*Asks:* 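Here it is, the structure in full.
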Amino acid sequence: KIEKEYKNVYKVKVNKINNNKKFENTYLLLYTKKNINLNYGDLIKTNIIYEKPSIQRNYKGFNYKEYLKTIKVYGLATAEKNVKIIKSKNINYIYYYCNALNEKLQENINKHFSKETASVLIGMVLGEKQFIEVDIIQSFKKSSLSHILAISGAHVNYVIVLISFIVSKTKIANRKGKIISVIFLLFFMVLTGMQISVIRAVISSCLIIIASLLYRQFDTINSVCFAMLIILILNPFNINSLSLQLSFGGTLGIILFLEFLYKRNENKIIDYIKNAIFVSVSAQIIIFPIMLKNFGTVNFTFFISNLLVSPLLGIIIVLGILFCFISLFSNVLSNSICFILNPMLKLLIFISLFGGLLLASCGSSSSQKNASTQEVNPADTIYLGDLREKFEGDSIFFKVVAPDLMLMDYQYFWAATESEAVEKGLTKEYYKRVKKEISETNEAIKKGVMKGADVKRIPDFQEGQKK
């Protein structure tokens, strides 16, 4: 569920349309009125207006239709009238209770932490990033720390370390402990929403454990390829997912290049620093071309931010998981963990902001250096500045359209359908004009006219609706 100012958005699985099961098991994004609240697992019945997702209209422009395919969504639907709930919990009980536990853990985290730190912890431990503020996400991107907000191999490794430590303190045999680890990892994968990076990390980790149980030699490349095969079987369109490209690209970079770059040092401090730097460098070798293709910019200060964050990452993940578990039973112990964890999360956010400032002062790519020769540096502009000028003095745009604008991969999208826009009092001509202006702005961003804009100031743009 995604909450907007005027509506709610749900990802729904189709059972049948007009008693026809032709579209059974396909997914749609369902837009409902704000007063309609649905729960995970509800079986519903409603009349809808279907609309095809927008496609790429300009060269290298954002293709919303292809993006939706990577999350198994094939259309947009607006509920015309009230939505009738026929049955609750109409879903596999494992998925239902994992989702309920995820929501409960989010609730516990929000009770103990500030909004800023809670959203980051929820992203790192439970895989839910939609609550993280735009400026924080952008600071992590600029400092090459985005991987920290997505559950990946490093996160899963720390989970295994925690499980192994707990098992070692009990009388459970080593082989049984490994089986428990596999079961918990699979549970963790479902709990965090079976995202691409989680599936890759969990499958690879489970194969390592299973290989040791069977006394077989483990092959890292084969495990990564097997994980990709499983992901593409689940959804072949994931091959176009930027998340898959970055996740597998970074992993392959580490596998292929780390052993050639990194040599152990007897001094533990020097060895730690070398390892942190060369792991980052190895991953970036393959990630660089992907970033250049999609964003037209790279960050050469990544090794500094990753070096500063490495000591914190493991502690935050381990304490975060312990907090989630203990918060279900003891409020006193939860407060104790929160007291330690909260300043660490604040420090992590500060490091990401520091990395972003370092990038701004040093320059991140040749494209930005070329741009700096202009009289006005594009890095000082606002992505939405172009739209603000086009709609200056247009109160309707700021009140109706601006609150619903979404940012995905540096491209803007207004999810409203034509019929929904008319419902809000907009004319069809106005709707088409807004769509056209957004498309042209996205094209300008792709061409670099507004590359590197400070998305941190997007809320300033939406403030116009209050004027």
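Bear in mind the structure is a predicted one, so any value in this text is a computation, not a measurement.
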*Asks:* Working to the nearest 0.5 Å, report the span between CD1 of I122 and CD1 of I109.
*Replies:*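 Going from CD1 on I122 over to CD1 on I109, the span is 5.0 Å.
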*Asks:* Search all heavy atoms of A79 against all heavy atoms of T46 and return the closest pair with its distance.
*Replies:*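 Residues A79 and T46, closest heavy atoms: CB-OG1, 3.8 Å.
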*Asks:* Considering residues, nucleotides and ligands other than F325, do more than 12 of their heavy atoms fall under 6.0 Å from its CZ?
*Replies:* no
*Asks:* Does a side-chain heavy-atom distance below 4.5 Å link I321 with I317?
*Replies:* yes
*Asks:* Charged N to carboxylate O under 4.0 angstrom, K111 versus E107?
*Replies:*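 Yes, K111 and E107 are salt-bridged.
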*Asks:* Decide yes or no on side chain to side chain contact (heavy atoms under 4.5 Å, CB included) for K435 and K432, but give the supporting numbers first.
*Replies:* CA-CA 5 Å; K435 284 284 189 179; K432 290 176 182 178; 5.6 Å; no
*Asks:* With distance as the sole test, does K11 use its side chain to make a donor-acceptor pair with the main-chain N or O of I71 at under 3.5 Å?
*Replies:* yes
*Asks:* What distance do E128 atom CD and E103 atom CD have between them, rounded to the nearest 0.5 Å?
*Replies:* 8.5 Å
*Asks:* Taking all non-hydrogen atoms of both residues, which atom of F323 and which atom of I337 are closest, and how far apart?
*Replies:* CB-CG2, 3.9 Å
*Asks:* Working to the nearest 0.5 Å, report the span between CD1 of I17 and OG1 of T26.
*Replies:*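 Result: 6.0 Å between the selected atoms.
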*Asks:* When you look at S88 and N39, which way does the side chain to side chain contact (heavy atoms under 4.5 Å, CB included) test go after all the steps?
*Replies:* CA-CA 8 Å; S88 298; N39 295 313; over 6 Å; no
*Asks:* Yes or no on side chain to side chain contact (heavy atoms under 4.5 Å, CB included) for L191 and F184, after CA distance, side-chain angles and deciding distance?
*Replies:* CA-CA 10 Å; L191 177 68; F184 185 84; over 6 Å; no
*Asks:* Are side-chain heavy atoms of F140 and I132 found at a separation under 4.5 Å?
*Replies:* no
*Asks:* Please say which of N47, N37, L38 ends up in a side chain to side chain contact (heavy atoms under 4.5 Å, CB included) with V83.
*Replies:*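 So the option named by the test is L38.
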*Asks:* Taking all non-hydrogen atoms of both residues, which atom of I349 and which atom of S352 are closest, and how far apart?
*Replies:* O-OG, 2.6 Å
*Asks:* Quick check: are there more than 12 heavy atoms from other residues, nucleotides or ligands sitting under 6.0 Å from OH of Y50?
*Replies:*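 More than 12 within 6.0 Å, yes.
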*Asks:* Atom OH of residue position Y430 - does it have more than 12 heavy atoms of other residues, nucleotides or ligands inside 6.0 Å?
*Replies:*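 Yes - once you tally the heavy atoms of other residues, nucleotides and ligands closer than 6.0 Å, there are more than 12.
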*Asks:* N235 side chain to K69 main-chain N or O, any donor-acceptor pair under 3.5 Å?
*Replies:* yes
*Asks:* Under 3.5 Å, side chain of N92 to main-chain N/O of I94, donor-acceptor pair present?
*Replies:*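 Yes; at least one donor-acceptor contact below 3.5 Å.
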*Asks:* I need the T117 OG1 to M344 CE distance, nearest 0.5 Å.
*Replies:* 13.5 Å
*Asks:* Any idea which heavy atoms bring G123 and K129 closest together, and the distance?
*Replies:* CA-CG, 4.4 Å
*Asks:* With distance as the sole test, does S327 use its side chain to make a donor-acceptor pair with the main-chain N or O of C324 at under 3.5 Å?
*Replies:*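 Side chain of S327 to backbone of C324, a donor-acceptor pair under 3.5 Å: yes, one is there.
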*Asks:* If you measure from OH on Y10 to CD1 on I36, what distance do you get to the nearest 0.5 Å?
*Replies:* 8.0 Å
*Asks:* Taking all non-hydrogen atoms of both residues into account, name the closest pair between Y74 and L28 and its distance.
*Replies:* C-CD2, 4.4 Å
*Asks:* Would L242 and T70 satisfy side chain to side chain contact (heavy atoms under 4.5 Å, CB included), going step by step from the backbone distance to the final call?
*Replies:* CA-CA 9 Å; L242 184 59; T70 66; over 6 Å; no
*Asks:* Keeping the roles fixed (side chain from S205, backbone from A201), state whether a donor-acceptor pair exists under 3.5 Å.
*Replies:*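 Indeed, once roles are kept as given, a pair shorter than 3.5 Å links the two residues.
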*Asks:* Using the side chain to side chain contact (heavy atoms under 4.5 Å, CB included) definition, which of the options L162, V156, I163 pairs with I160?
*Replies:*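 The residue from L162, V156, I163 that satisfies side chain to side chain contact (heavy atoms under 4.5 Å, CB included) with I160 turns out to be V156.
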*Asks:* Is a donor from one side chain sitting under 3.5 angstrom from an acceptor on the other, for N102 and Q106?
*Replies:*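 Indeed, the side chains of N102 and Q106 share at least one donor-acceptor pair under 3.5 Å.
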*Asks:* Can a donor-acceptor pair be found between the side chains of N331 and H112 at a distance below 3.5 Å?
*Replies:* yes
*Asks:* Please check: side-chain N/O of Q195 versus main-chain N/O of G127, any donor-acceptor pairing under 3.5 Å?
*Replies:*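 The answer is yes, because a donor-acceptor pair under 3.5 Å joins these two groups.
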*Asks:* Are the side chain of H155 and the backbone N or O of I148 linked by a donor-acceptor pair below 3.5 Å?
*Replies:*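 Checking the backbone N and O of I148 against the side chain of H155, a donor-acceptor pair under 3.5 Å is found.
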*Asks:* Using 0.5 Å steps for rounding, measure from the OG atom of S204 to the CD1 atom of I209.
*Replies:* 11.0 Å
*Asks:* Would you name the heavy atoms of T192 and M189 that are closest together and state the gap between them?
*Replies:* OG1-O, 3.3 Å
*Asks:* Would you verify whether the NZ or CZ of K72 falls within 45 degrees of the ring axis of Y27 while also being under 6.0 Å from that six-membered ring's centre?
*Replies:* no
